[in-house]
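Index from 1, following the sequence. Note that the structure is a prediction, hence the values are computed from the model and not measured.
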Amino acid sequence: MKGLWAWIFQRFTAVLLVLLLGTHFFVMHFVDPLAEIDFARSSFNLKSSLYFIFDSGLLAVGLFHGLNGIRNIILDWWPKAGKTAGWVLSLIGIVAAGYGSTALLAFINTK
């Protein structure tokens, strides 16, 4: 991703992260404040497609934002490493998103 678009998406994902994390925090801690947050409750919540979509979006946005930030740091220190860093970090992002999605899917397939 080239300069301007990477900068725009970095800001856009920052706003999305604030909104998604704020929503996540609100739902988990204030919707039912007396409910205990444990593995059983989280497992039950993740069986819902809404939670799956929400958590997958949070995973994707967080990965993009973090890996693009690392790419920007690499470009600041080693400008000639841009293309290689972009490919390596993209590969890391794809593998991490696949692994994270597989972990989330495991909750949907359990009975």
Side-chain angles (χ1 to χ4, degrees):
M1 185 174 293
K2 296 273 181 182
L4 176 65
W5 287 108
W7 185 87
I8 289 171
F9 282 131
Q10 188 73 7
R11 273 45 184 188
F12 180 69
T13 55
V15 171
L16 275 176
L17 276 173
V18 168
L19 293 173
L20 291 173
L21 286 171
T23 303
H24 175 78
F25 187 78
F26 178 77
V27 168
M28 294 303 290
H29 297 283
F30 294 112
V31 169
D32 188 4
L34 300 178
E36 193 173 328
I37 300 173
D38 57 4
F39 182 78
R41 180 174 177 217
S42 295
S43 178
F44 177 76
N45 288 344
L46 282 170
K47 289 179 195 270
S48 162
S49 59
L50 180 62
Y51 273 89
F52 176 75
I53 292 168
F54 184 85
D55 283 355
S56 295
L58 190 56
L59 173 68
V61 170
L63 276 171
F64 179 85
H65 186 79
L67 292 172
N68 192 41
I70 291 170
R71 179 187 158 274
N72 291 335
I73 292 169
I74 291 171
L75 288 176
D76 282 346
W77 285 85
W78 303 286
K80 293 182 180 178
K83 193 171 243 184
T84 304
W87 280 104
V88 170
L89 291 170
S90 294
L91 181 63
I92 290 170
I94 290 168
V95 169
Y99 184 71
S101 296
T102 302
L104 290 173
L105 280 171
F107 287 99
I108 289 178
N109 294 329
T110 59
K111 296 194 187 240

Cluster check F9, W87: I/L/V/M/F/W/Y, side chain < 4.5 angstrom: no
With heavy-atom distances below 4.5 Å as the criterion, would you say the side chains of V61 and F12 are in contact? no
Which atom names give the shortest non-hydrogen contact between E36 and R41, and what distance separates them? O-CD, 3.4 Å
Looking at NE2 of H24 and CG of L21, how far apart are the two atoms once the value is rounded to the nearest 0.5 Å? 7.5 Å
Rounded to the nearest 0.5 Å, how far apart are CG of L58 and CG of L17? 6.5 Å
The criterion is ring pair (Phe, Tyr, Trp, His ring centres under 6.0 Å); which residues satisfy it with H29, sequence neighbours excluded? F25
When you compare the side chain of H65 with that of Q10, does any pair of heavy atoms fall below 4.5 Å? yes
Atom pair CG/OH of L104 and Y51 - distance to nearest 0.5 Å: 13.5 Å
According to a hydrophobic-cluster definition based on side-chain heavy atoms being under 4.5 Å apart (Ile, Leu, Val, Met, Phe, Trp, Tyr only), do L105 and L59 belong together? no
Tell me whether the centres of the aromatic rings in F39 and F107 are closer together than 6.0 Å. yes
Report the distance from atom OG of S90 to atom CZ of R71, rounding to the nearest 0.5 Å. 8.5 Å
Contacts of L67 that satisfy side chain to side chain contact (heavy atoms under 4.5 Å, CB included) - sequence neighbours left out: L63, I70, L89, I92
If you round to the nearest 0.5 Å, how far is CG of N45 from CG of D55? 9.0 Å
With clusters defined by side-chain heavy atoms of hydrophobic residues (ILVMFWY) lying less than 4.5 Å apart, directly or transitively, does W77 cluster with V88? yes
Determine, step by step, whether V27 and F54 satisfy the side chain to side chain contact (heavy atoms under 4.5 Å, CB included) criterion, reporting the C-alpha distance in whole Å, the side-chain angles of both residues, the deciding distance to 0.1 Å, and the verdict. CA-CA 12 Å; V27 168; F54 184 85; over 6 Å; no
Look at the side-chain heavy atoms of Ile, Leu, Val, Met, Phe, Trp and Tyr, link any pair under 4.5 Å apart, and say whether W7 and W5 land in one connected group. yes
Exam field: side chain N72 to backbone N68, donor-acceptor pair closer than 3.5 Å: yes
Rounded at 0.5 Å granularity, tell me how far CH2 in W78 sits from OG1 in T84. 13.0 Å
